[in-house]
Amino acid sequence: MWAHEDSIETTATPAQVWKLFADVEGWKKWNQGIDNIEIHGAFAVGTTFSMQPPGEDVFTTTLIDVKENQSFTDETIIDGTRILVHHRIVPLASGGSKVIYSTEITGPAAADFGPMVTADFPEVLAALKKLAELK
């Protein structure tokens, strides 16, 4: 298994961060690793979305766990390799939040996919923080 974690603290409340998470088609505003994205239903367990990184093929991801204002986990399976990304929002005593991305990858291409999937997470989290703090 390949695992990785990145996090950032923000003055934005969990609800402010959640609003950005739940707006899947708006992810392009704070995630430069997305050219196109389309959700196929409500932001809920079992819903899929199609995402295309710049210069790459489209892939489908499934929401497998969704807890409003707390966390969501998405699952992508590509050629037998399973990619789980856990997105957690931890409330801070200050009223702000800590946003944590934890990734677990298993399967034949785990070591190859891991760095590719998570390389931009620090920049993605910084952009998410910036946008969340504007709200």
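Quick note: residue numbers are just sequence positions, from 1.
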Hydrophobic cluster membership, Trp30 vs Leu134, 4.5 Å side-chain cutoff:
yes
Run through the side-chain heavy atoms of Ile, Leu, Val, Met, Phe, Trp and Tyr, join any pair under 4.5 Å, and report what else lands in Val90's cluster.
Ile100
State, yes or no, whether a side-chain contact exists between Leu131 and Lys29 at a heavy-atom distance under 4.5 Å.
yes
Using a 4.5 Å cut-off on heavy atoms from C-beta on, say whether the side chain of Phe59 contacts that of Ile77.
no
Test side-chain hydrogen bond (donor to acceptor under 3.5 Å, both in side chains) applied to Thr13 - qualifying residues, sequence neighbours left out:
Gln16
Test side chain to side chain contact (heavy atoms under 4.5 Å, CB included) applied to Glu9 - qualifying residues, sequence neighbours left out:
Leu92, Lys98
Verify same cluster id: Ile78, Val85 (apolar side-chain graph, 4.5 Å)
yes
Closest approach of Ile89 and Pro91, non-hydrogen atoms and distance?
O-CD, 3.7 Å
Under the salt bridge (charged side-chain N to carboxylate O under 4.0 Å, His left out) definition, can you give me all pairs with a residue in residues 41-53, not counting sequence neighbours?
none
Minimum-distance pair of heavy atoms, taken over all atoms of Lys28 and Asp35:
CD-O, 3.3 Å
Spell out, as yes or no, whether a donor-acceptor pair under 3.5 Å connects the side chain of Ser94 to the backbone of Gly96.
yes
Scanning both residues in full, the closest heavy-atom pair of Val17 with Ala132 reads CG2-CB, 4.4 Å
Tell me every residue that passes side chain to side chain contact (heavy atoms under 4.5 Å, CB included) with Ile64, counting only those two or more places apart in sequence or in another chain.
Thr62, Thr73, Glu75, Arg82, Leu84
Shortest non-hydrogen contact between Thr118 and Asp6, atoms and distance
O-OD2, 4.2 Å
Only counting residues at least two apart or in another chain, list the ones meeting side chain to side chain contact (heavy atoms under 4.5 Å, CB included) with Ser71.
Asp65, Lys67, Arg88
Those residues at least two apart in sequence (or on a different chain) that pass ring pair (Phe, Tyr, Trp, His ring centres under 6.0 Å) with Phe121 are Tyr101
Side-chain donor or acceptor of Trp27 paired with backbone N/O of Ile37 under 3.5 Å:
no
Identify all side-chain donor-acceptor contacts of residues 104-117 below 3.5 Å with residues at least two apart in sequence or on another chain.
from   : atom 1 : to    : atom 2 : distance (Å)
Glu104 : OE2    : His86 : NE2    : 3.0

Please list, chain by chain and in numerical order, all residues satisfying side chain to side chain contact (heavy atoms under 4.5 Å, CB included) with Glu25, sequence neighbours excluded.
Glu38, Ile39
Only counting residues at least two apart or in another chain, list the ones meeting side-chain hydrogen bond (donor to acceptor under 3.5 Å, both in side chains) with Thr11.
Glu133
CH2-NE2 distance between Trp18 and His87, expressed to the nearest 0.5 angstrom
10.0 Å
List in chain and number order the residues that pass side-chain hydrogen bond (donor to acceptor under 3.5 Å, both in side chains) with Thr81, two or more places apart in sequence or in another chain; answer none if no residue qualifies.
none
Which pairs would a plain distance check flag for residues 42-54, meaning a side-chain donor or acceptor within less than 3.5 Å of a matching protein atom at least two apart in sequence or in another chain?
from  : atom 1 : to    : atom 2 : distance (Å)
Thr47 : OG1    : Ala42 : O      : 2.7
Thr47 : OG1    : Ala44 : O      : 3.3
Ser50 : OG     : His40 : NE2    : 2.8
Gln52 : OE1    : Asn36 : ND2    : 3.2
Gln52 : NE2    : Glu56 : O      : 2.9

Is a side-chain N or O of Asp120 found less than 3.5 angstrom from the main chain of Glu123, in a donor-acceptor match?
no
Would you give the length of the straight line joining atom CG of Asn69 to atom OG of Ser97, rounded to the nearest 0.5 angstrom?
9.0 Å
